[in-house]
Each structure stands twice: as C-alpha cells, then as structure tokens.
> 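Please read through the structure below; I'll follow up with questions.
Atoms within a ligand are numbered from 1 in the order they appear, just like the ligands themselves.
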Amino acid sequence: MLRAMRVNAYAALDHGQPLVQWNYETQELGPDQVLLRVLACGLCHSDLHMIQNDWKSSTYPLVPGHEVVGEIVEKGGALAHLHVGQRVGVGWQRSACLHCDDCLRGNENLCDESTGLITHGHGGFADHVVADGRFCVPLGDDLPTEFAGPLMCGGITVYSGLRHAGMTSGQRIGIIGVGGLGHLAVQFASKLGNTVTVFTTTDEKAQQATHLGAHEVIIVRRGTLAENPRKHFDLILSTVPTPIPCELYLRLLESDGTLCFVGVHNEHLDIPLFPLLARRRRVMASPIGGRAMMRQMLDIATRLGIRPTIEKFPLAEVNSAIARLRRNSVRYRAVLMP
Ligand SMILES: NC(=O)c1ccc[n+]([C@@H]2O[C@H](COP(=O)([O-])OP(=O)(O)OC[C@H]3O[C@@H](n4cnc5c(N)ncnc54)[C@H](OP(=O)(O)O)[C@@H]3O)[C@@H](O)[C@H]2O)c1
Ligand SMILES: [Zn+2]
Ligand SMILES: [Zn+2]
C-alpha cells in the first residue's frame, strides 16, 4: 500500500514571493507516517517569517502551513493508535527522536533531532500533507475543525510558555501583542484565574482585549508606554515578532518575576544586568510545546471554552491572508479552508 500521490499545494518559490500553485509527489509512506487530507490550516506569523527567510534558514519551494487539521487518508503500519478517517491536528513540530532525555521527559520540542513540519518537508497550505503520526493529536468532536488549527501552534506555544514561566493562578500577568498568539495567551491566563494586562500598539484592540478576558489594557506608542503601569507583574509574555524595549518591561516585573519570549526575531536582546539582579528577575524564551502538554492544552481549551477568534479564507486567497497578516489587520488568526 501507501502509494505515492500528487499533492496540490501553494508554495513560495523564493524569499518574500507571493505563493503560487505548485505540485509535488509524495514518497511511499513510512511505518510512522500518515497522509492527511487537509480540512483547515491556520496562518501563523512563523509562516510569514519563513516565507521572508527572516531566520535565514528557509529553503524553497516552501509550502507553509503548520496549524493543520486533517483527516487521515492513509497510515503507516506502526500506528495502531490511529485510524483512517480520524480527524487529527498537527503543529509546528514534524518529528523528534523520541528516545533522548528531553523526549522521554515529554519535551520533544527541545530534542536535538526535532524537525519542523515546514522546515523538513511541505506544510498544510495544500490539499494533503504527509506527517509523522506520532505527532498527530486526535481531536475531540467538541472542537470544531476551523477553531482547532490555531491551537496547534499558537495555542500550545503560549500555553507552554506561560506554564514554563511559572503561571499558576492568582498572578498578575502581562501579555505583549494581541495577535494570533497574544489573543490566545490572554484567554489562557485569564480563564486560569489570573489578572491580565495587555500591552498593545493598536488602539482599536483595547475594547476587544477586555472581551477576551483582559482586565487592563496599556497602549504602547513608538516603543514606549502611553501610561506608567505599576511595577507588579509576576510574568510578562512577549508575543511580538520584532524587538521590544526589554528594560522597560523588566522593570515592571515583581521580584522573582519572569519575562518570557515566545515572539521571535533575529536581534540580540538588550538586557541590562542591574534590574535583573536587584529583584532576582528572570528572562527566558520558549519554543512550541511537547506532546503531553499539547493534550493538556487542548483539554483545558475545550473545557474552559478557549477559542481562537478567526477569519476564514479560501486557500486560493492565501496571498490576501498573508497581506492582511503583514499589515497587522487579521482579527486574530487567519484560517485557510481548502
Ligand atoms: N516560540 C514559538 O515556538 C513560536 C510559535 C509560534 C509563533 N511564534 C512567533 O510569535 C510571534 C507572533 O506570532 P503571531 O502569529 O501571533 O503573529 P501576529 O498574529 O502577527 O501577532 C503579533 C502581534 O504583535 C504585535 N506587534 C507589535 N509590533 C509589531 C510589528 N512591528 N509587526 C507585527 N506585529 C507587531 C501586534 O499586536 P498589537 O497590535 O496588539 O500591538 C501583532 O498583532 C512571531 O514572531 C512568530 O514567529 C513563536
Ligand atoms: Zn506557528
Ligand atoms: Zn529526542
């Protein structure tokens, strides 16, 4: 079995180029692989970074799309826990070794052999995608297809980042940037019982952020804060894809507070030592999340009614969705429907 087939995809043929229709042949499936029919796929800012080669690691043709919801069409022989017809989600991570210490601790996202869905193969802006079945998460019936995609990268990244930065409940948490990741971070942090302050550059998002669960909104203008918030945050999460004024945010942390980056850029962080030292503050960054935490995140999102706010686009209009993401005008996650 497991014939090769032709996949109809949208690809960037070079950096910064609009996506064009592009075909490729799949290989015969390996024992751990699945062929998915794509049902929906979110558009993450990391897709944009990859299209633009912001991280100097992109190879072309590049088929973006790593917030995939798909139906299993075929599966390899080693995947007894999955069945044809099953609806699953796949995020940024394509695979990992599964036997190193990190993998055995449930930190497959930290594995030295970790690979990315769109860095080591073709992604979900296509009619089909080949994935590692061990990194596909079965989706419950109470999680509709179009809302599941953004949880597969955006959701797990902010949930895992907040948890590893020490989020419990009853804390004061700041979220910088209300985009695809940020609007989910606000929901997780507030629904889990924290007081949430949002830092946004977009006036119009202030009202919406309170509907998402924010208790306070602070407008950021030209890299500085329009008002002077009290220094009292246990945790501040940056979801912004560009450098932020680190010192300003560091000084808003309580003693033992943590500034955690999930938004990614290529610059060095500009962090002075004294404000870190004087209040024993911490700075960290966090990539996606492991498989166990992915299940935990989906369970919590389903039970607490945490849902992405989405705008649906037909896959053929993927370039319009990308243009809107570039202009920071998507509210709050674009989802491509093939
Ligand atoms: N760590 C990980 O594993 C991981 C996983 C997924 C994504 N990411 C990264 O997380 C970042 C955010 O992804 P996303 O999908 O949430 O992006 P997004 O939807 O574009 O949201 C980013 C938000 O950052 C704020 N922002 C402030 N200055 C900006 C600027 N100059 N350009 C664009 N946005 C600016 C905007 O919020 P306001 O309008 O509220 O200011 C914007 O909505 C990206 O760097 C992405 O690569 C990391
Ligand atoms: Zn992503
Ligand atoms: Zn490993």
> Can you label the angle between the Y24 ring and the H122 ring as parallel, tilted or perpendicular, going by 30° and 60°?
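Ring orientation, 0 to 90° scale: tilted.
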> Does NZ or CZ of R291 lie under 6.0 Å from the centre of the six-membered ring of F135, at an angle within 45° of the ring axis?
yes
> Answer with yes or no whether P287 contacts ligand 1, where contact means a heavy atom under 4.0 Å from a ligand atom.
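Yes, that is the case, since the closest heavy atom of the residue is under 4.0 Å from the ligand.
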> Tell me, which protein residue and heavy-atom name are nearest atom 45 (O) of ligand 1, and how many Å apart are they?
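Answer, as residue, atom name and distance: H49 NE2, 2.8 Å.
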> Specify side chain, backbone, both or neither for L325, according to which of its non-hydrogen atoms lie closer than 4.0 Å to ligand 1.
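The answer is the side chain.
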> Given the rule in the salt bridge (Lys or Arg N to Asp or Glu O under 4.0 Å) test, do D203 and R221 qualify, once you have shown the distances and angles that lead to the verdict?
CA-CA 10 Å; D203 289 351; R221 292 195 200 292; 3.4 Å; yes
> For atom 6 (C) of ligand 1, what's the nearest protein heavy-atom neighbour? Residue, atom name and distance, please.
C153 SG, 3.4 Å
> Please name the pair of heavy atoms, one in L250 and one in V283, separated by the smallest distance, quoted to 0.1 Å.
CD2-CG2, 3.9 Å
> Tell me whether the rings of Y60 and H15 are parallel (<30°), tilted (30 to 60°) or perpendicular (>60°).
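The rings of Y60 and H15 sit tilted, inter-plane angle from 30° to 60°.
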> Using a 4.0 Å cut-off to any heavy atom of V240, which atoms of ligand 1 qualify?
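Within the 4.0 Å cut-off of V240, ligand 1 contributes 24 (O), 26 (N), 27 (C), 28 (N).
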> How close do H215 and N194 get, counting heavy atoms only, and between which atoms?
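Looking at all heavy atoms of both residues, the closest pair is CE1-O, 3.2 Å.
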> State which residue, out of L253, I236, T258, I271, fulfils the side-chain contact (heavy atoms from CB on, under 4.5 Å) condition with R281.
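It is L253; the other options fail the test.
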> Atoms of ligand 1 less than 4.0 Å from G180 heavy atoms?
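Atoms satisfying the 4.0 Å criterion: 16 (O), 18 (P), 19 (O), 21 (O).
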> If you count the atoms of ligand 1 from 1 in the order shown, which ones are under 4.0 Å from a heavy atom of I288?
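That gives atoms 2 (C), 3 (O) of ligand 1.
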> Charged N to carboxylate O under 4.0 angstrom, D256 versus R280?
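The answer is yes: the pair qualifies as a salt bridge.
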> With rounding to the nearest 0.5 angstrom, report the CG to SG distance, L79 to C136.
8.0 Å
> Show which atoms of ligand 1 fall inside a sub-4.0 Å distance from at least one heavy-atom site of W55.
47 (O)
> Mark up the atoms of ligand 1 that fall under 4.0 Å of a heavy atom belonging to T200, in ascending order.
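Going through ligand 1 atom by atom, the ones under 4.0 Å from T200 are 38 (P), 39 (O), 40 (O), 41 (O).
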> Considering only protein heavy atoms, which is closest to atom 32 (N) of ligand 1, and at what distance to one decimal place?
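So the nearest neighbour among protein heavy atoms is P241 CG, 4.1 Å.
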> What atoms in ligand 1 come closer than 4.0 Å to a heavy atom of R333?
14 (P), 15 (O)
> Do any N/O atoms on V178 end up under 3.5 angstrom from N/O atoms on ligand 1?
yes
> In terms of atom number and element, which parts of ligand 1 are under 4.0 angstrom from non-hydrogen atoms of S46?
6 (C), 7 (C), 8 (N), 9 (C), 46 (C), 47 (O)
> Ignoring hydrogens, what is the shortest heavy-atom contact between V73 and V84? Give both atom names and the distance.
O-CG1, 3.6 Å
> Do T200 and V220 pass the side-chain contact (heavy atoms from CB on, under 4.5 Å) test, and can you show the C-alpha distance, the side-chain angles, and the key distance before you say yes or no?
CA-CA 6 Å; T200 178; V220 184; 5.9 Å; no
> Enumerate the protein N/O/S atoms at a distance below 2.8 Å from the Zn ion (ligand 3), ignoring waters.
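Those protein N, O or S atoms (cut-off: under 2.8 Å from the Zn ion (ligand 3)) are C97 SG, C100 SG, C103 SG, C111 SG.
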> Could you find the nearest protein heavy atom to atom 42 (C) of ligand 1 and give me its residue, atom name and distance?
N328 OD1, 3.4 Å
> Which heavy atom of the protein is the closest neighbour of atom 48 (C) of ligand 1, given with residue, atom name and distance?
V262 O, 2.9 Å
> Angle class for the H49/H45 ring planes (parallel below 30°, perpendicular above 60°, tilted otherwise)?
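Answer is tilted, since the angle falls between 30° and 60°.
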> Please list, in chain and residue-number order, the protein N/O/S atoms closer than 2.8 Å to the Zn ion (ligand 2).
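Within the sphere that stays under 2.8 Å of the Zn ion (ligand 2), the protein atoms of type N, O or S are C44 SG, H66 NE2, C153 SG.
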> Counting non-hydrogen protein atoms only, what is the nearest one to atom 17 (O) of ligand 1? Give residue, atom name and distance.
H45 CB, 3.1 Å
> Could you check if a side-chain atom of M5 sits within less than 4.5 angstrom of a side-chain atom of E74, using non-hydrogen atoms only?
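With C-beta onward as the side chain, the pair stays apart.
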> Looking at every heavy atom in both C97 and C111, which two are closest together, and how far apart are they?
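Here C97 and C111 meet closest at N-SG, 3.5 Å.
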> Is there a nitrogen or oxygen of G182 sitting under 3.5 Å from a nitrogen or oxygen of ligand 1?
no
> Can you tell me which portion of T242 lies within the under-4.0 Å heavy-atom range of ligand 1? Options are side chain, backbone, both, or neither.
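Only the side chain of T242 comes within reach of ligand 1.
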> Which residue owns the protein heavy atom closest to atom 12 (C) of ligand 1, what's the atom, and how far is it?
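Result: T239 O, 3.0 Å.
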> Give the table of side-chain donor-acceptor pairs shorter than 3.5 Å for residues 138-157, with sequence neighbours excluded, one pair per line with atom names and distance.
unit_1 : atom_1 : unit_2 : atom_2 : d
T145   : OG1    : R87    : NH1    : 2.9
T157   : OG1    : C153   : O      : 2.7

> Closest heavy-atom contact between G133 and H81?
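Shortest heavy-atom contact: O-NE2, 3.9 Å.
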> What is the closest protein heavy atom to atom 41 (O) of ligand 1, and at what distance does it sit?
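For this ligand atom, the closest protein heavy atom is T201 OG1, 2.6 Å.
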> If the condition is salt bridge (Lys or Arg N to Asp or Glu O under 4.0 Å), which residues does R163 pass it with, not counting sequence neighbours?
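With neighbours one apart ignored, the set is empty.
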> Can a salt bridge be assigned to the pair R134 and E108 using a cut-off of 4.0 Å between side-chain N and carboxylate O?
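No salt bridge links R134 with E108.
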> What closest approach, in Å, do S57 and M50 show between heavy atoms, and which atom pair accounts for it?
OG-SD, 4.3 Å
